[in-house]
**Q** 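Below are the structure tokens for one structure; questions will follow.
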There are 2 protein chains.
Amino acid sequence: MAKENKTLYAILGMLSHEELTGYDIKKRIDNSIRFFWDAGFGQIYPNLKILEKEGLVTKRVETGETRPNRIIYAITEKGREELKKWLATPVGEQHVRYEILLKLFFGSLLPAEENIKKIEEFRETNRTYLETMQGFKTCLSEALKESDDHLYYLLTIMLGEKIYKAHMEWADEAVKLLQNEQAVNIKH
Amino acid sequence: MAKENKTLYAILGMLSHEELTGYDIKKRIDNSIRFFWDAGFGQIYPNLKILEKEGLVTKRVETGETRPNRIIYAITEKGREELKKWLATPVGEQHVRYEILLKLFFGSLLPAEENIKKIEEFRETNRTYLETMQGFKTCLSEALKESDDHLYYLLTIMLGEKIYKAHMEWADEAVKLLQNEQAVNIKH
DNA sequence: CAGATCATGTAATTTGTTACATGATTGT
DNA sequence: ACAATCATGTAACAAATTACATGATCTG
């Protein structure tokens, strides 16, 4: 079994809830984990084949007369065990990449206005993300009483909220700092 | 020129400050941008060759009698222009990956204690990151009066601080939530 | 004298992205 | 009629990680 292919476990996790087609998995991902674990069809379909070869999922073809054929995948007992085993392993160092910080780090090569504009765009993007999180949260509050799954879903949304808020706060402070600096430079 | 190889620009950016060897570039990265843009030797050396072929940097060999030979790279005017051009392009959608959220999203498959432990480990890791940021900040406060570069450096540290704090706050709330849930489940 | 640091690289593998390819059905 | 959605995939490419390979010098 691959050591690092975590998207495999994202797919397996989705199948631990219900039987799904590759297309359905994509939709589930887009509607839930995409903010911290996105995946395209180019990853989903090949990974499903790997999972099947490893005996972690089984497939069943539903021949549609009007609609296209659907290949429905179901998790096996072995798959469920493998998933739990992975969930139990400690989370490694997680390294992120912030293109905006990379660009800003070398920001002295550009006029300050350009950097300010960049930060303001970043702020705006994060404002829309925050709205999305708050939308998710509202939808969730009803379903929350039903199952434990939803509690964990809520936790992921909560981190999203915190992060996007942190981004926005930073953007505000950063813009102020750069504007001050600009004012000082103009005076001289 | 490659469309997406942003590490190329990280290297070029480091060379915009001073002439460096591949080995030096690695050190510079480790001491500054590694929290948001890490790179290993396996990326640095091949990318330097690409930059040279494109005429964005020049190389000069320093034959050491006692030490190993050093290949010193310097940015060209064309390289500086290319860097500025890239810095001016807007920052695209940046997608992050949080392994801890992926694991937590499917957390209902594990006993709550395990999820709590995971979150507490995450909190601790982020506490050390925050300390590092604060150390960086202290070092910086002296140099800050000299050059504009340092102001942009400060901005990147500020975002780091915000994010690690957000992570820690979230961890505290998340643990509380899970412990409450646990208490409720035990009562029934 | 052992381990860290200086110094350069290549090769293999894995992972992820993007483009291509096909075609029916459903909604506006 | 046109766009969006349903549905499956492959192939090419790009990027990043990891392991391998070498060897001197400096520090404790």
Side-chain angles (χ1 to χ4, degrees), chain A residues 1-11 19-31 33-34 36-54 57 59-73 92-97 99 102, chain B residues 1-12 19-31 33-34 36-54 57 59-73 86 92-97 99 102:
Chain A
M1 191 65 168
K3 261 180 295 191
E4 285 294 329
N5 189 349
K6 294 161 192 169
T7 299
L8 221 47
Y9 296 104
I11 294 167
E19 300 188 350
L20 295 164
T21 66
Y23 193 83
D24 289 332
I25 290 170
K26 173 80 171 113
K27 275 195 297 180
R28 292 285 186 288
I29 290 175
D30 286 349
N31 290 322
I33 64 172
R34 107 185 107 126
F36 54 87
W37 210 276
D38 203 3
F41 286 121
Q43 280 175 279
I44 292 168
Y45 287 116
N47 276 328
L48 280 168
K49 295 208 167 167
I50 293 169
L51 287 170
E52 202 214 340
K53 203 157 43 178
E54 301 275 339
V57 303
K59 82 172 176 188
R60 162 168 65 86
V61 181
E62 194 186 82
T63 337
E65 277 140 50
T66 57
R67 316 167 133 277
N69 281 3
R70 309 172 81 224
I71 301 170
I72 299 162
Y73 291 90
E93 284 261 325
Q94 52 182 58
H95 91 281
V96 292
R97 293 201 142 179
E99 189 185 330
L102 183 57
Chain B
M1 191 66 169
K3 262 179 294 190
E4 285 294 329
N5 189 349
K6 293 160 192 170
T7 298
L8 220 48
Y9 297 104
I11 294 168
L12 206 50
E19 300 188 350
L20 294 165
T21 66
Y23 194 83
D24 289 332
I25 290 169
K26 172 82 170 112
K27 273 196 297 182
R28 291 286 185 290
I29 289 175
D30 286 348
N31 290 322
I33 63 172
R34 106 185 108 129
F36 53 87
W37 210 276
D38 202 5
F41 287 119
Q43 279 176 279
I44 293 168
Y45 287 116
N47 276 327
L48 279 169
K49 297 210 165 166
I50 292 169
L51 288 170
E52 203 214 342
K53 203 157 42 180
E54 300 275 341
V57 304
K59 83 173 176 188
R60 161 170 64 89
V61 181
E62 194 185 84
T63 336
E65 278 138 48
T66 56
R67 317 165 134 275
N69 281 4
R70 310 172 81 224
I71 301 171
I72 299 160
Y73 292 90
W86 179 74
E93 285 262 325
Q94 48 183 62
H95 90 281
V96 292
R97 292 201 142 179
E99 188 185 330
L102 183 56

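Basis for what follows: all heavy atoms, side chains included, without hydrogens, waters or symmetry-related copies. Below, chains carry the letters A, B, ... as their sequence lines are ordered, and counting in each starts from 1.
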**Q** Name all residues meeting the side chain to side chain contact (heavy atoms under 4.5 Å, CB included) criterion together with A:K59; count only those two or more places apart in sequence or in a different chain, and write none if there are none.
**A**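 A:K59 satisfies side chain to side chain contact (heavy atoms under 4.5 Å, CB included) with A:E52, A:I71, A:Y73 once adjacent residues are dropped.
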**Q** Look at the side chain of B:K49 and decide which nucleotide, out of C:dG16, C:dT10, D:dG9, has an atom nearest to it.
**A**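 Side chain of B:K49 sits closest to C:dT10.
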**Q** Whole angstrom is fine here: how far is it from CD in B:E62 over to P in C:dA7?
**A**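 From B:E62 CD to C:dA7 P: 9 Å.
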**Q** Of the nucleotides C:dT10, D:dA16, D:dA7, which has the atom closest to the B:N5 side chain?
**A**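 So the side chain of B:N5 is nearest to D:dA16.
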**Q** Give a yes or no on whether the backbone of A:H95 and the side-chain of B:R97 come within a donor-acceptor separation of less than 3.5 Å.
**A**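 Answer holds: no.
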**Q** Name all residues meeting the side-chain hydrogen bond (donor to acceptor under 3.5 Å, both in side chains) criterion together with B:D30; count only those two or more places apart in sequence or in a different chain, and write none if there are none.
**A**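 side-chain hydrogen bond (donor to acceptor under 3.5 Å, both in side chains) list for B:D30, sorted by chain: B:K26.
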**Q** Restricting to side-chain hydrogen bond (donor to acceptor under 3.5 Å, both in side chains), what partner residues turn up for A:N47, sequence neighbours left out?
**A**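 By the side-chain hydrogen bond (donor to acceptor under 3.5 Å, both in side chains) rule, A:N47 matches A:N5.
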**Q** Kindly say if A:H95 contacts the phosphate of D:dA16, meaning a side-chain N or O under 4.0 Å from OP1 or OP2.
**A**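 Checking D:dA16 against A:H95, no side-chain N or O comes under 4.0 Å of OP1 or OP2.
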**Q** Is any side-chain N or O of A:T7 closer than 4.0 Å to OP1 or OP2 of C:dG16?
**A**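 For C:dG16, OP1/OP2 do have a side-chain N/O of A:T7 under 4.0 Å.
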**Q** C:dG16 phosphate, OP1 or OP2: any side-chain N/O from B:R97 under 4.0 angstrom?
**A**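 Yes, within the criterion.
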**Q** Taking atom C1' of C:dT15 as reference, at what distance in whole Å does atom OH of A:Y9 sit?
**A**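 Distance, rounded to whole Å: 15 Å.
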**Q** Counting side-chain heavy atoms from CB outward, which of C:dG9, C:dT17, C:dT8 is closest to B:R70?
**A**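 The answer is C:dT8.
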**Q** How many Å lie between CG on A:D38 and P on C:dT18, as a whole number?
**A**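 Result: 10 Å.
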**Q** By side chain to side chain contact (heavy atoms under 4.5 Å, CB included), which residues pair with A:R28, not counting sequence neighbours?
**A**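 A:R28 satisfies side chain to side chain contact (heavy atoms under 4.5 Å, CB included) with A:M14, A:E18, A:L20 once adjacent residues are dropped.
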**Q** So which one's nearest nucleotide on DNA chain C is more toward 5', B:F41 or A:W37?
**A**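 The answer here is B:F41.
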**Q** Between D:dT17, C:dA7, C:dG16, which nucleotide gets closest to the side-chain atoms of B:Q43?
**A**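 Nearest listed nucleotide: D:dT17.
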**Q** With sequence neighbours excluded, what pairs up with B:F36 under the ring pair (Phe, Tyr, Trp, His ring centres under 6.0 Å) test?
**A**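 Residues passing ring pair (Phe, Tyr, Trp, His ring centres under 6.0 Å) with B:F36: none at all.
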**Q** Hey, are the side chains of B:W37 and B:Y9 touching, using non-hydrogen atoms and a 4.5 Å cut-off?
**A**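 Of all side-chain heavy-atom pairs linking B:Y9 with B:W37, none is under 4.5 Å.
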**Q** What are the residues of residues 21-30 of chain A, sorted by number, that bring a heavy atom to within less than 4.0 Å of DNA chain D?
**A**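 Those residues are A:T21, A:G22, A:Y23, A:K27.
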**Q** From OH of B:Y73 over to P of C:dA7, roughly how many Å is that when rounded to an integer?
**A**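 The answer, rounded to whole Å, is 14 Å.
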**Q** Can you list the residues that meet the side-chain hydrogen bond (donor to acceptor under 3.5 Å, both in side chains) rule with A:E19, with sequence neighbours excluded?
**A**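 Testing A:E19 for side-chain hydrogen bond (donor to acceptor under 3.5 Å, both in side chains), a comparison that skips the adjacent residues, returns A:R60.
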**Q** Roughly what angle, to 10°, lies between the helix axis at the start of the helix from C:dC1-D:dG28 to C:dT28-D:dA1 and the one at its end, five pairs per end?
**A**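 Between the first-five-pair axis and the last-five-pair axis there is 50°.
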**Q** Okay, side chain of A:T21, backbone of A:D24: is any donor-acceptor separation there less than 3.5 Å?
**A**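 Present.
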